[in-house]
K.L.:
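Could you have a look at this structure, given as structure tokens, before my questions?
Atoms considered below: every heavy atom in the structure, side chains included; atoms not considered: hydrogens, waters and symmetry mates.
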Amino acid sequence: MIIRLADGADERLNDYTSLTDVALRRRLETDRGLYMAESTKVITRAVAAGHVPRSFLMAERHYPEMRPVIAAATGCGGADDGGEVPVFLAPEEVLESITGFHLHRGALAAMNRPELAGVGDLLAAARGGEGARRVAVLEDLVDHTNVGAAFRSAAALGIDAVLVTPHCADPLYRRSVRVSMGTVFQVPWTRIERWPAMDELHEQGFAVAALALSDESVGLDDFAASEACTAPGSRVAVVLGTEGDGLSRRTIVAADEVVRIPMAGGVDSLNVAAAAAVAFWALRMPR
């Protein structure tokens, strides 16, 4: 249903208020079981992945390009006015007063969070049911930008699934989704309940590689050329650590191999998002 707004003082807009307050949004989005999809492209990918909208919010001028996306969304009944799903339209200045920022990427949508799969089920279902062969594990990343960038690289470079640890930043937080360009809806992912327990990865035949600086580490090129990565049916999980301290000592000890990216120019390490892209490319499945 189309709802035109003259001001932001409407309790039906509570899902959208104070989006710039990170701590508040983490709590409210978790409590309400929702996440924010920002921009026409991101909303389109969320809808294509089968995610269900609670409502849409946009300026009047963006409604024409959003009409087919709204009609395609589950719950909208094929209606480009959203059917029973509210489609809020408002002037730009009203939108900025509601959200706390200038909404210049087309639209926002409050989406219902999908239920996350168990680790074993997720890995088995990847690649159209053939099972995951290349997996990324994000350990305790705190920056939503890095999480989103890692997902974008995962989608582009052939990672079949992403696992995030209990204290890792939320892949469905607004900034993560936006930086990922909506690829968080393409790459299967779930949250690990216990870490660094690697039982489920080992049970499914994964060699777990911890990306870390260590005296015992092997170079990424050497690991990529090893039987763990090149054998028929090889399965590899690469673990990337938090921005400040890197991987925990327990994770490094539990991994099957510790791997480093060779550096030049006196640089000892890369930003985790950049390191993820390098590792995903090097460890991609043989074509």
K.L.:
Side chains of Asp140 and Trp195, heavy atoms from C-beta outward: is any pair under 4.5 Å?
P.N.:
no
K.L.:
Run the ring-centre check on Phe151 versus Phe280 and record whether the distance is less than 6.0 Å.
P.N.:
no
K.L.:
Over 60° means perpendicular and under 30° means parallel, so classify the ring planes of Phe185 and Tyr35, tilted if in between.
P.N.:
tilted
K.L.:
State the NE2-CG distance between His51 and Leu34, to the nearest 0.5 angstrom.
P.N.:
13.5 Å
K.L.:
Are there more than 12 heavy atoms of other residues, nucleotides or ligands under 6.0 Å from atom CG of Asp245?
P.N.:
no
K.L.:
For Thr183 and Arg45, which I'm curious about, is there any donor-acceptor pair between the side chains at under 3.5 Å?
P.N.:
no
K.L.:
Going by heavy atoms in the side chains, are Val87 and Asp81 under 4.5 Å from each other?
P.N.:
no
K.L.:
Heavy atoms, side chains only, cut-off 4.5 Å: are Pro86 and Arg12 in contact?
P.N.:
no
K.L.:
Name the orientation class of the two ring planes belonging to Phe88 and Tyr16 (parallel below 30°, tilted from 30 to 60°, perpendicular beyond 60°).
P.N.:
perpendicular
K.L.:
Looking at Arg260 and Asp222, is there a salt bridge between them, counting it only when a charged N and a carboxylate O are closer than 4.0 Å?
P.N.:
no
K.L.:
Report yes if some heavy atom in the side chain of Ile3 is under 4.5 Å from a heavy atom in the side chain of Leu89; otherwise report no.
P.N.:
no
K.L.:
Any non-hydrogen side-chain atom of Asn14 less than 4.5 Å from a side-chain atom of Arg32?
P.N.:
yes
K.L.:
Run through Thr165, Thr242, Thr251 and flag the one making a side-chain hydrogen bond (donor to acceptor under 3.5 Å, both in side chains) with Glu139.
P.N.:
Thr251
K.L.:
Without swapping roles, check the side chain of Ser153 against the backbone of Ala276 for a donor-acceptor pair under 3.5 Å.
P.N.:
no
K.L.:
Do Ile192 and Val137 come close enough that some side-chain heavy atom pair is under 4.5 Å?
P.N.:
yes
K.L.:
Just verifying a value: how many Å separate Leu163 CG and Thr190 OG1, rounded to the nearest 0.5 Å?
P.N.:
7.5 Å
K.L.:
Is it true that Arg174 and Glu29 make a salt bridge, defined as a side-chain N closer than 4.0 Å to a carboxylate O?
P.N.:
no
K.L.:
Heavy-atom distance under 4.5 Å between the side chains of Asp15 and Met36, does that happen here?
P.N.:
yes
K.L.:
Less than 4.5 Å apart, any side-chain heavy atom of Glu243 and any of Val142?
P.N.:
yes
K.L.:
Regarding Arg134 and Ser234, do their side chains bring together a donor and an acceptor under 3.5 Å, going by distance alone?
P.N.:
yes
K.L.:
Do Arg175 and Glu38 sit within salt-bridge range, that is, some charged N less than 4.0 Å from a carboxylate O?
P.N.:
no
